[in-house]
Protein chains: 2
Amino acid sequence: MPSMSAAERRAQAKVEYDAFLAGCPSRQLLDRISDKWVALILAALGTDEGEVSGALRYSELSRRLAGVSQKMLTQTLRSLERDGLVTREVTPTVPVTVTYALTDLGLSLQEMMRGIKGWAEAHMDDVLAHRQEHDTRTA
Amino acid sequence: MPSMSAAERRAQAKVEYDAFLAGCPSRQLLDRISDKWVALILAALGTDEGEVSGALRYSELSRRLAGVSQKMLTQTLRSLERDGLVTREVTPTVPVTVTYALTDLGLSLQEMMRGIKGWAEAHMDDVLAHRQEHDTRTA
DNA sequence: CAGGATCCCGCTAGATACTG
DNA sequence: CAGTATCTAGCGGGATCCTG
């Protein structure tokens, strides 16, 4: 369908999309992926040490993302699937088996999401220290 | 593949925090920074091409982040300041001048946030295409 | 100019119950 | 197992008005 190369599309996209603009579609996309569950799901999927495929079953995902409700997990997964970031594969065993995996697109975002998650964990102490200092100073 | 990535080394160094756990402080921190306004504010602050200091005034920020309400902008800035990601400097001119700038901590996060924002803009077309294909297939 | 304070609506997350 | 359906409470977030 597109008679344009990927590079050309990217070049066009650079001028067409700007998340600083309220009406821009990329603003909505940014809003979608700026979600803790998105970050955690993407971080959980994909290959960890030792694993070959990063595919996970629904129950396994809900176990890893401690505290997520079924609703939010399903909802987030559906939206990620719709946006082409994850694939949903149903194996008609009984009971049914559903596995989720990252697409190439999802994989490209996963790296950043793991970076964010890693940042939060790595700088937690700094942030905690800043908060205490800030709170006592303004107390 | 390198024997150990930077993320893996960080994870090893800080085993105490794990955002996958519901009660972990880093989960709350992840939730905080997983916010579209945080992403946009951090992306807006910091040096652009040509600029020396990335400091911005309140009004300039609200102009760049089209569609943000005063409440959310102030609220987000306060929380970022409390967490030590931005500094708030009041110059007692009349009328008063308030400028916001990134701390070193904020700067380290900014790079990732710009990455996320850039990703959203760069892959908008892919996502849009996936959505259409998905919607027509499930129609 | 850079907010603080207040009111209030919407929607979304969470809990619960049910199903193929 | 992997969801769907429904209901509700809570709060995120916008609109508005006010101030140093």
Side-chain angles (χ1 to χ4, degrees), chain A residues 19 21-23 27-41 44-45 55-83 86-101 134-135 138-139, chain B residues 19-23 27-41 44-45 54-83 86-101 134 138:
Chain A
L21 306 177
R27 168 72 74 91
Q28 269 97 54
L29 181 57
L30 181 64
D31 201 13
R32 286 251 158 133
I33 63 182
S34 296
D35 179 271
K36 63 173 168 179
W37 300 126
V38 169
L40 288 175
I41 286 174
L45 290 173
L56 288 179
R57 302 184 56 174
Y58 181 90
S59 51
E60 178 64 19
L61 262 175
S62 72
R63 212 169 305 123
R64 294 209 189 184
L65 309 195
V68 67
S69 65
Q70 305 169 347
K71 182 180 177 180
M72 287 318 296
L73 182 55
T74 300
Q75 202 171 91
T76 308
L77 283 169
R78 291 274 189 267
S79 119
L80 289 177
E81 186 198 2
R82 177 165 181 261
D83 289 352
V86 305
T87 58
R88 177 174 182 271
E89 191 178 351
V90 181
T91 309
T93 52
V94 48
V96 76
T97 304
V98 181
T99 58
Y100 293 90
H134 180 267
D135 290 353
T138 63
Chain B
F20 281 134
L21 306 177
R27 169 72 74 90
Q28 269 95 54
L29 180 57
L30 181 65
D31 199 13
R32 288 243 151 154
I33 64 182
S34 295
D35 179 272
K36 63 173 169 180
W37 299 127
V38 169
L40 287 174
I41 287 174
L45 290 173
L56 287 180
R57 303 185 56 177
Y58 181 90
S59 52
E60 177 65 18
L61 261 175
S62 72
R63 211 169 305 123
R64 293 209 189 185
L65 309 194
V68 68
S69 66
Q70 307 162 353
K71 180 180 177 179
M72 288 318 296
L73 183 54
T74 300
Q75 202 171 90
T76 308
L77 283 169
R78 291 274 188 267
S79 119
L80 289 177
E81 186 199 2
R82 178 165 181 262
D83 289 352
V86 305
T87 58
R88 177 174 181 270
E89 192 177 351
V90 181
T91 310
T93 52
V94 51
V96 75
T97 303
V98 181
T99 58
Y100 292 91
H134 181 268
T138 62

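Note on naming: letters A, B, ... go to the chains in the order of the sequence lines (proteins, then strands), and numbering restarts at 1 for each one.
- One N or O on the side chain of A/Ser34 and one on the backbone of A/Leu30 form a donor-acceptor pair closer than 3.5 Å.
- Across all non-hydrogen atoms, the minimal contact from B/Leu65 to B/Ala44 is CD2-CB, 4.1 Å.
- B/Ser59 has no side-chain polar atom (N or O) that falls below the 4.0 Å cut-off from OP1 or OP2 of C/dC1.
- Put simply, OG on B/Ser79 and CH2 on B/Trp37 are 14.5 Å apart, with the number rounded to the nearest 0.5 Å.
- Atoms OG1 and CG, from A/Thr87 and A/Leu80 in turn, are 11.0 Å apart once rounded to the nearest 0.5 Å.
- The two atoms that bring B/Val86 and B/Leu77 nearest to each other are CG2-O, 3.9 Å, heavy atoms only.
- Looking at B/Arg27, its side chain does come within 3.5 Å of a backbone N or O of B/Ala19 through a donor-acceptor pair.
- In this structure, the OH atom of B/Tyr58 is 12 Å from the P atom of C/dC1, given to the nearest Å.
- Judged purely by atom type and a 3.5 angstrom limit, A/Ser62 uses its side chain to pair as donor or acceptor with the backbone of A/Ser59.
- Look at A/Arg57 and you won't find any side-chain N or O under 4.0 angstrom from OP1 or OP2 of D/dC1.
- When the local axes at the two ends of the helix from C/dC1-D/dG20 to C/dG20-D/dC1 are compared, using 5 base pairs at each end, they differ in direction by 60° after rounding to 10°.
- What separates CG of A/Leu65 from C1' of C/dG14 is a distance of 16 Å, to the nearest Å.
- At a non-hydrogen distance threshold of 4.0 Å, B/Ser69, B/Gln70, B/Lys71, B/Met72 from residues 68-82 of chain B come into contact with DNA chain D.
- Using a 4.0 Å cut-off, some side-chain N or O of B/Tyr100 falls inside it from OP1 or OP2 of C/dG3.
- A donor-acceptor pair is defined here as one N or O able to donate and one able to accept, closer than 3.5 Å; such a pair exists between the side chain of A/Thr76 and the backbone of A/Met72.
- Near-neighbour residues of DNA chain D inside residues 30-38 of chain B, defined by a heavy atom below 4.0 Å, are absent.
- Atom CD of B/Glu60 has more than 12 heavy atoms from other residues, nucleotides or ligands within 6.0 Å.
- A/Thr93 places a side-chain N or O within donor-acceptor distance of the main-chain N or O of A/Pro95, the cut-off being under 3.5 Å.
- Side-chain nitrogen and oxygen atoms of B/Thr97 include none within less than 4.0 Å of the OP1 or OP2 phosphate oxygen of C/dC1.
- Tested against A/Tyr58, the residues A/Arg63, A/Arg88, A/Gln70 include a single side chain to side chain contact (heavy atoms under 4.5 Å, CB included) partner, A/Gln70.
- Distances shown here put every side-chain N or O of A/Arg88 at or beyond 4.0 Å from the OP1 or OP2 atom of D/dA2.
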